[in-house]
Amino acid sequence: MYQLVTRIGSDDVIICAFDASGSPTASPRRLSFTEFCRYVLEHEADSPRWVWDDTARIYPLLLRRGIRVQRCHDLRLCHVIMRNSALTDQSDLAHGEPGPWDAAGPSDLGATQGETLFDLADSDTAGERSREIEDRDELLAQLSAVSGSHQPGRLRLLLAAESAGALIAAEMTYAGLPWRTDIHDDLLTRELGARVAPGLRPERLERLAVLIRTELGDPTLNPDSPTDVLRALQRAGLAVTSTRAWRLKELDHPVIEPLLLYKKLSRLLSANGWAWMDAWIVDGRFHPEYVPGGVVTGRWAARGGGALQLPKQIRGAVVADPGWKLVVADAAQLEPRILAALSGDLQMAAAGRDSDLYAGIVASGVVETREHAKVAMLGAMYGATTGESGRLLPRLAKAYPRAIALTEAAARAGERGGIVTTRLGRSSPPPGDAWQAAQAQAYDVGASRADESRARTQARDWGRFTRNFVVQGSAAEWALCWMAEIRKELRTLSAAGAGFDSVPHLVFFLHDEVMVHTPTALAARVESIITEAAATAGRLLFGDFPVDFMLTVAAVDDYAAAK
DNA sequence: GAGTCCGCTCGG
DNA sequence: TATACCGAGCGGACTC
């Protein structure tokens with residue numbers, strides 16, 4: 001059953017119930033937000049799917065009142081998927097003129113940016129009514145696109161997983177990641193020296209700057225300026241064209257060591273220093289904003305705080321509350337396992353059975369070392385053509401013909417300008433006009449060698465994108481299902497209505513890794529929930545195909561201890 | 001001074 | 001010779 005929720009103005013909603021086929025089961029009702037909250041609590045027992053335009057806009061309002069829901073359908077996220085999916089390419093939804101659902105990015109519909117799209121008309125009842133009809137029409141269009149799709153089952157799963165992800169993202173932002181500023185501060189002081197005013201260099205950084213200037217014989221050198229540093233290195237007789245750390249490591253000069261250390265520490269200061277701590281840690285919690293569907297492949301993005309790039313250096317500041325644990329789980333070699341299942345490659349799946357997949361490849365005699373197995377696999381999924389990875393590819397192709405055939409086919413499709421589709425139905429975008437124009441140009445009678453080579457380069461670039469899209473996107477779907485299943489099972493551990501400060505809950509997600517903050521007494525139970533959820537996610541995506549999704553799971557006091 | 005691009009490093 | 005996918009964020013360099 002669906003409960004369509006349309007927000008009107010700042011404090012009211014119109015609510016309307018539908019059955020699974022999209023027929024209304026009651027007349028629309030207008031409720032104040034307080035009445036709406038009561039309505040949600042009353043109806044949650046029936047496990048409806050709450051339908052709204054944008055989870056990120058409405059769900060935080062419920063969370064602030066202590067209300068959580070089990071299921072939703074996020075019209076905006078689902079629209080984007082079906083607008084592009086090859087599974088719904090025959091639908092009206094895919095063929096309609098672009099409308100507000102296409103124009104609106106997450107921030108456009110978001111509360112912070114104002115509500116320009118719809119709310120201009122909300123001052124009168126006609127506008128309110130039209131807003132509600134707009135949502136209702138969109139829901140019906142989406143339901144029709146699903147039932148008419150080539151794979152309704154998979155698509156339904158994808159839309160449910162994407163929507164569950166939106167709920168989880170809002171809940172994680174709301175709950176926050178436990179963060180100890182005292183430990184963070186100690187760590188910064190130890191590495192950089194005592195805190196100083198913004199714009200100044202802490203003591204240890206300043207000493208390194210002086211040392212670098214001395215070694216390069218340039219008393220005015222600014223070590224933060226790549227151009228300055230590059231010129232000084234060249235003056236010192238070093239043949240370099242960039243100041244990238246891995247390039248500098250190849251050089252033999254006394255300035256290199258302090259320079260590399262300076263870069264490392266200054267990055268720590270600028271990205272996750274005291275200013276970051278002041279801006280992002282509130283009452284011992286880090287509250288980043290996650291952006292479900294923020295990446296073309298279906299991965300999440302994040303806005304503000306660099307939540308998806310927390311450097312290993314500072315993970316020791318993520319500490320469980322007293323009497324609580326962090327259960328950290330990481331899916332091992334997720335993408336190769338996804339590739340094995342996608343392609344139905346039994347040999348590759350067997351290599352990962354009950355163990356490290358790369359070690360399994362070595363044990364099968366395909367390559368000699370784990371490191372070789374890893375670079376060869378990554379190269380196959382990313383489209384490496386040269387170097388070690390390129391050299392090892394033929395051996396991989398011989399041992400795992402089905403898996404490699406799948407990545408090659410995805411690459412060829414992209415090179416031709418075609419689209420590719422993930423396991424559950426997210427399709428890659430078609431290449432843009434500039435790409436098409438470059439290809440057309442190369443076929444023109446007057447095409448130059450440069451035209452042809454540019455077209456070829458762009459075609460290969462796009463092929464690498466589609467090659468990776470299938471695997472990365474399907475892995476993102478697995479991760480969403482995994483997390484949704486974890487969330488569902490965690491809720492069975494506590495009474496309905498209990499707040500985040502008393503029950504186990506998800507606090508972090510990073511592509512193939514999740515973290516649950518839990519009372520210590522429930523940590524073991526949480527570990528098994530996470531493990532079972534991985535197997536369930538595998539079955540949801542790939543049925544009985546015999547592929548294992550191995551995890552490393554650990555209940556720890558702080559994030560740094562997890563690996 | 002504001003806006004944008006680039007170089008670099010962090011994460012998977 | 002060019003060189004392997006998806007991102008965020010910072011500070012400097014450059015432009016208007």
Side-chain angles (χ1 to χ4, degrees), chain A residues 198-199 201 221-231 240-249 259-273 275-276 279-280 288-291 293-315 330-336 338-339 374-393 407 410-411 414 420 422 426 428-429 453-454 456-457 460-476 478-479 508-514 559 563:
Chain A
R201 283 196 188 93
L221 178 88
N222 172 11
D224 292 316
S225 159
T227 32
D228 251 28
V229 172
L230 187 59
R231 263 198 300 270
V240 274
T241 54
S242 102
T243 62
R244 287 187 176 91
W246 63 274
R247 277 289 182 202
L248 297 181
K249 278 178 195 147
L259 184 54
L260 287 172
L261 184 56
Y262 181 92
K263 286 164 78 79
K264 193 160 189 62
L265 296 181
S266 94
R267 160 84 189 184
L268 173 63
L269 175 65
S270 66
N272 298 98
W276 179 89
W280 290 101
E289 186 185 352
Y290 299 94
V291 187
V295 179
V296 266
T297 55
R299 277 186 171 185
W300 286 13
R303 240 195 321 261
L308 305 187
Q309 310 136 254
L310 279 186
K312 299 209 161 97
Q313 274 171 305
I314 61 162
R315 293 184 178 181
D330 177 301
Q333 306 97 39
L334 176 59
E335 294 193 352
I338 291 287
L339 173 59
K374 187 173 171 177
V375 297
M377 273 306 312
L378 291 175
M381 294 185 297
Y382 291 165
T385 53
T386 59
E388 189 122 69
S389 183
R391 275 200 303 283
L392 294 167
L393 185 62
T407 63
V420 294
T422 58
R426 194 185 309 260
S428 63
S453 112
R454 186 171 50 245
R456 200 157 41 233
T457 301
R460 286 193 188 135
D461 288 349
W462 200 258
R464 283 194 302 278
F465 166 63
T466 51
R467 170 198 295 272
N468 189 248
F469 184 97
V470 184
V471 178
Q472 189 183 114
S474 299
W478 179 89
F508 194 60
F509 170 55
L510 185 53
H511 307 318
D512 58 0
E513 186 178 332
V514 298
Y559 192 11
K563 264 194 264 201

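Throughout, protein chains are lettered first and strands after them, A, B, ... in sequence-line order, and every chain is numbered starting at 1.
- Of the possible polar contacts, one joining the A:R467 side chain to the A:A380 backbone as a donor-acceptor pair under 3.5 Å is found.
- A:D224 places a side-chain heavy atom less than 4.5 Å from the side chain of A:Y262.
- In this model, a side-chain donor or acceptor of A:R299 finds a partner on the base of B:dG12 within 3.5 Å.
- Atom CZ of A:R460 sits in a sparse spot, with 12 or fewer heavy atoms from other residues, nucleotides or ligands closer than 6.0 Å.
- In this structure, the nucleotide among C:dG12, C:dG9, B:dG11 sitting nearest to the side chain of A:D224 is C:dG12.
- When the side-chain nitrogen and oxygen atoms of A:T227 are compared with OP1 and OP2 of B:dG7, none of them lie within a distance under 4.0 Å.
- Among the atoms of the strands shown, none is found under 4.0 Å from any heavy atom of A:R460.
- A:T243 places no side-chain N or O within 3.5 Å of a backbone atom of A:L230 that could act as its donor or acceptor partner.
- If you check every strand for non-hydrogen atoms under 4.0 Å, A:L310 touches sugar and phosphate atoms only.
- Of the candidate nucleotides C:dC5, C:dC6, B:dC10, C:dC6 has the atom nearest to the side chain of A:V296.
- When each of B:dG7, B:dG12, C:dA8 is scored by its nearest atom to the side-chain atoms of A:A301, the top-ranked nucleotide is C:dA8.
- Contacts of A:A302 with the nucleic acid, taken as non-hydrogen atoms under 4.0 Å apart, involve only primed sugar atoms and P, OP1 or OP2.
- Between the NE2 atom of A:H511 and the C1' atom of C:dC5 there is a distance of 12 Å, given to the nearest Å.
- Across all strands, A:V471 comes closer than 4.0 Å to no nucleic acid atom at all (heavy-atom distances).
- Summarising the geometry, the separation between CZ on A:F509 and P on C:dG7 is reported as 15 Å, rounded to the nearest angstrom.
- The same atom, P, is picked in C:dT3 and in B:dG7; the two are 15 Å apart, to the nearest Å.
- Look at A:T243 and you'll find a side-chain N or O under 4.0 angstrom from OP1 or OP2 of B:dC8.
- The residue A:A307 sits apart from the nucleic acid: no heavy atom pair falls under 4.0 Å.
- In this structure, the CG atom of A:L230 is 12 Å from the P atom of C:dA13, given to the nearest Å.
- When distances run from any side-chain atom of A:Y382 to the nucleotides B:dG12, B:dC10, C:dG11, the shortest one goes to B:dG12.
- Taking side-chain N and O atoms only, A:K264 has no distance below 4.0 Å to OP1 or OP2 of B:dC8.
- As a whole-Å value, the separation of A:N468 CG from B:dG12 C1' is 11 Å.
- The side chain of A:S225 places an N or O atom within less than 4.0 Å of a non-bridging phosphate oxygen (OP1 or OP2) of C:dA13.
- Among the atoms of the strands shown, none is found under 4.0 Å from any heavy atom of A:G390.
- The side chain of A:F465 has C:dC5 as its nearest neighbour among C:dC5, B:dG12, C:dG11.
- The side chain of A:P226 sits closest to B:dG7 out of B:dC10, C:dT3, B:dG7.
- Look at CG on A:L265: it is 16 Å from C1' on B:dC8, rounded to the nearest Å.
- Rounded to whole angstrom, the span from the CG atom of A:L268 across to the P atom of C:dA8 amounts to 21 Å.
- Residue-level contact check: A:F469 touches neither bases nor backbone, having no heavy atom under 4.0 Å from any strand.
- For A:T297, whose side chain is taken as the heavy atoms from C-beta onward, the closest listed nucleotide among C:dA13, C:dC6, B:dC10 is C:dC6.
- Contact annotation for A:G387: no contact, since no heavy-atom pair falls under 4.0 Å across all strands.
- Distance from the side chain of A:K263 is smallest for B:dC8 among the nucleotides B:dC8, B:dG12, C:dG11.
- Of the side-chain N and O atoms in A:T386, none sit less than 4.0 angstrom from OP1 or OP2 of C:dA2.
- Side-chain contact between A:K264 and A:Q313 is present, with at least one heavy-atom pair separated by less than 4.5 Å.
- Of the possible donor and acceptor atoms, one in the side chain of A:W276 sits under 3.5 Å from a partner among the backbone N and O of A:G305.
- Base engagement by A:R267 is indicated by at least one non-hydrogen atom pair under 4.0 Å involving a base atom.
- The backbone N or O of A:F469 sits nowhere less than 3.5 Å from a side-chain atom of A:T297 that would complete a donor-acceptor pair.
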